[in-house]
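Worksheet for the structure shown next.
Note that ligands are numbered from 1 as they come in the structure, with each ligand's atoms numbered from 1 the same way.
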Amino acid sequence: MKKELLIALGRHKRLIAIFLLTIFLPSVLLSIFGILALRNEKFRLEKQFEEEQLRIAEHFKSQVGSNIRDAENVLQLLRQNPILVNKEYEEIEPLLDDQVAENRLLGQFFIVYNDTKPWFLHFRADTDNPPIESTLGFNAAHQDKLKRAERYEFMQNNYPMAIPIYEELLVGLRDRNLQGQILNHIARNLVKSGKYQEAGEIYSSIINDFQKSKTSRGIPLVITSRLQLVDCYLKSGEGENALKESLNAIEEILLNWRDLTENQLKTYTSMAIEAFTNILDKKPDALPAKENYVKEFEHLKADYQVKIEQWKIINDLKNECIPELQREFMQTNTYSQNTFRYSKTIGDENFLILASLIPDNNKTGAQGILGVKINSVFFENDLITKIIEEVRLNENANFVITDLKGRVIFGEKTPSDELSGITLFFNDNFPPWRIEITNNQFEKILLKGIYKSFYFWTILTIIIILIFGVFLIMRTIFHEMDVLKLKSELVSSVSHEFKTPITSIKALTERLLDQKVNDPARMKEYYSEILWDADNLSRLVGNFLDSTMIEEGKKQYDFEETDIKQWITQTITNFRKKYPQKGINFNSRFSADIPPIAIDKNAMEQAINNLLDNAIKFTSGKIVVEIIVEKDENNLFLKVSDNGIGIHKEDLDKIFEKFYRGRNAPRHTSTGTGLGLTLVRQIIEAHRGEISVDSKVGSGSTFTIILPLRNNIET
Ligand code: ADP
């Protein structure tokens, strides 16, 4: 195989060289140039997109920056406000509230004076809860009464004596807060003396009429009263009312949550939640509207979680951010005019903080820090969306903002984003996020650009030509290899064909010459053997020469009108003589009225002989050959059938090709050149006829020669 390939390549050296030099090499060079040009085109498109997006992104960044600067300006103004400088807490709240209402970017405000704990707008830090004296706000006479009542209540547990004194005290009070507190004491004493109904009534009235009043510790009375009311209802056996009231209590706590410290919020809520679940557990079936209660309860609980989250933010600010801020400011140590930008990610929360120093009264040093946590929900959801809508990004651009942890703040990341695009950061890296702009349509645009490009079509054409050229060369080479293979097979089979009869002739002639054979019968046998071998040889040579001559168009045919029946009978008789020793059974059948037709008798005999030779060669065991001659209106059919090994289906339409030997052949007989049937076909075609074969492996073959009755051949 390799050898044949090398020879074939060698033979077509020139062709291959010409192909390589004139087609292949220029094509490759042109393709390389084309690809380079296409790459440039891609870069150009990318650059164009990039520049456009960069411009837009810069605009976006400056918009965000200006919003942040606005917030900073607010801070700058606030810190110098006398209210802050003078620590007027009561005034600070409304002052900051106004700012929050005006600029939604401002989230949680906080102030840390150098000498106090951090203060958070609307949040009461646990530790800074001022311990209010129980006697605060009472005059001397009131205080006296209060002390007496408390003595009865707490030291002697004498509630019936305590209650009238409290009632007396109540009458003389103007202050709503104090009135509420005393009412609360009265109700407490009623509870202690087992008068739940009456106590409940008082609590209800506190709830209705003293909504703004607070306990001496600053806790809204409505909250404590509602919790007490739950208890009263329970103790007087009003389960459903207790249930309702426990829900009211939670609601009330959540409504007034900013008046509570974190601990108070948690404690009171858990008290109410516990009451609710206890009641529900105890009487699960007796409640027709149970579902509704549970639904409302879940709803309130979710709301409670939100508040807890807010407290978490306060705690994170207090514990994580503020100490760092203080350290940062302390480092500079001098009073700085600047606003400070600080960012930190804790859990899922982005803490973006603006802070500035509050000057002391002399305006030379700092007395604390004013800070604000940027409202991240507004910033991420509303502001960025709004700005992006304004800057109108290219519709093909995918705009994504991610934070330090890779969490997507804005937009949607798509897998193709890794491929191309630009990455930017905010000015001063605040917020410390990454802006990525990718072109999600880039491939499409690129393809469009490529299709329009002249280079693309040139490359395509060149590649097609190249493929075609390679295909042609390969075909030529494979064909050459086939021919070489056939030739070498032919040489080996032909030399074998020749060698056998020549060896036999030589051996027989030597014996005869040496006069070793004296018996005339034996001598005759020897001579006929020599004749048989010589016949074989001449047939072989004849086949070769004839086939070549026919191919070259040099073969001369000598047609004459022939009586087919007589001619066939003679041919069989002649053939039979060649195989005297074999017990071949020849059956021939002729239909009547076979007209004479013009044939070249010699050539036709050679064809029939080849068919008969094959019939014998490819049959093992008893040989039966059948020859049938029939006709229809136009044709004569000459069939030669055998009971041999048959022909493979795949071989049927190839066996008439030159040198083709079927797959049954080499196993069955070593002799043969694959020329016999080729010659038969050539001869039949010269008679304007056709030959076909019908065969089944294992049960024999039938070759049918069809000759036209009026072939108009000149005789
Ligand atoms: P070969 O020299 O091999 O006989 P032929 O051209 O005469 O060459 O025949 C081609 C092939 O057709 C054979 O190799 C054989 O496989 C198949 N063939 C031809 N005649 C017969 C037959 N009567 N029975 C079975 N196979 C046949």
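The N/O atoms of Arg663, backbone and side chain alike, include none that comes under 3.5 Å of an N/O atom in ligand 1. Checked by distance only, ligand 1 and Thr678 stay at 3.5 Å or farther apart across all their nitrogen or oxygen atoms. Among the atoms of Phe618, none of the N or O lies under 3.5 angstrom from an N or O of ligand 1. Ligand 1 has no N or O atom lying under 3.5 Å from any N or O atom of Tyr660, backbone or side chain.
Taking CZ of Arg522 as the reference point, atom NZ of Lys516 lies at 13.0 Å (rounded to 0.5 Å).
The proximity of Asp642 to ligand 1, defined as any non-hydrogen pair under 4.0 Å, is limited to the side chain. At a heavy-atom distance under 4.0 Å, only side-chain atoms of Phe703, from C-beta outward, approach ligand 1.
In the vicinity of Asn664, heavy-atom distances shorter than 4.0 Å reach the ligand 1 atoms 15 (C), 16 (O), 25 (C), 26 (N). Close approach of ligand 1 to Leu677 is summarised as follows: ligand atoms under 4.0 Å from at least one heavy atom of the residue are 5 (P), 6 (O), 7 (O), 9 (O), 10 (C), 12 (O), 19 (C). Atoms of ligand 1 found under 4.0 Å from any heavy atom of Ile647, numbered from 1 in the order shown, are 25 (C), 26 (N), 27 (C). Near Lys617, the atoms of ligand 1 lying under 4.0 angstrom from a non-hydrogen atom of the residue are 1 (P), 2 (O), 4 (O).
Heavy-atom distances between Ser701 and ligand 1 reach below 4.0 Å in at least one pair.
Annotation: side chain of Met604 is in contact with side chain of Trp567 (closest heavy-atom distance under 4.5 Å).
Counting only residues at least two apart or in different chains, side chain to side chain donor-acceptor pair (under 3.5 Å) contacts with residues 630-644 comprise Ser641-Thr702.
With sequence neighbours left out, the side-chain contact (heavy atoms from CB on, under 4.5 Å) criterion links Pro431 to Ile68, Leu352, Phe379, Phe426, Trp433.
Heavy-atom contacts from other residues, nucleotides or ligands closer than 6.0 Å to NZ of Lys47 number 12 or fewer.
Aromatic ring pairs are classed by plane angle as parallel below 30°, tilted from 30° to 60° and perpendicular above 60°; the pair Phe19 and Phe24 is tilted.
In this structure a side-chain-to-backbone donor-acceptor pair under 3.5 Å is missing from His59 to Arg55.
Considering Leu466, Leu472, Ile465 as possible partners of Phe468, the one that fulfils the side chain to side chain contact (heavy atoms under 4.5 Å, CB included) test is Leu472.
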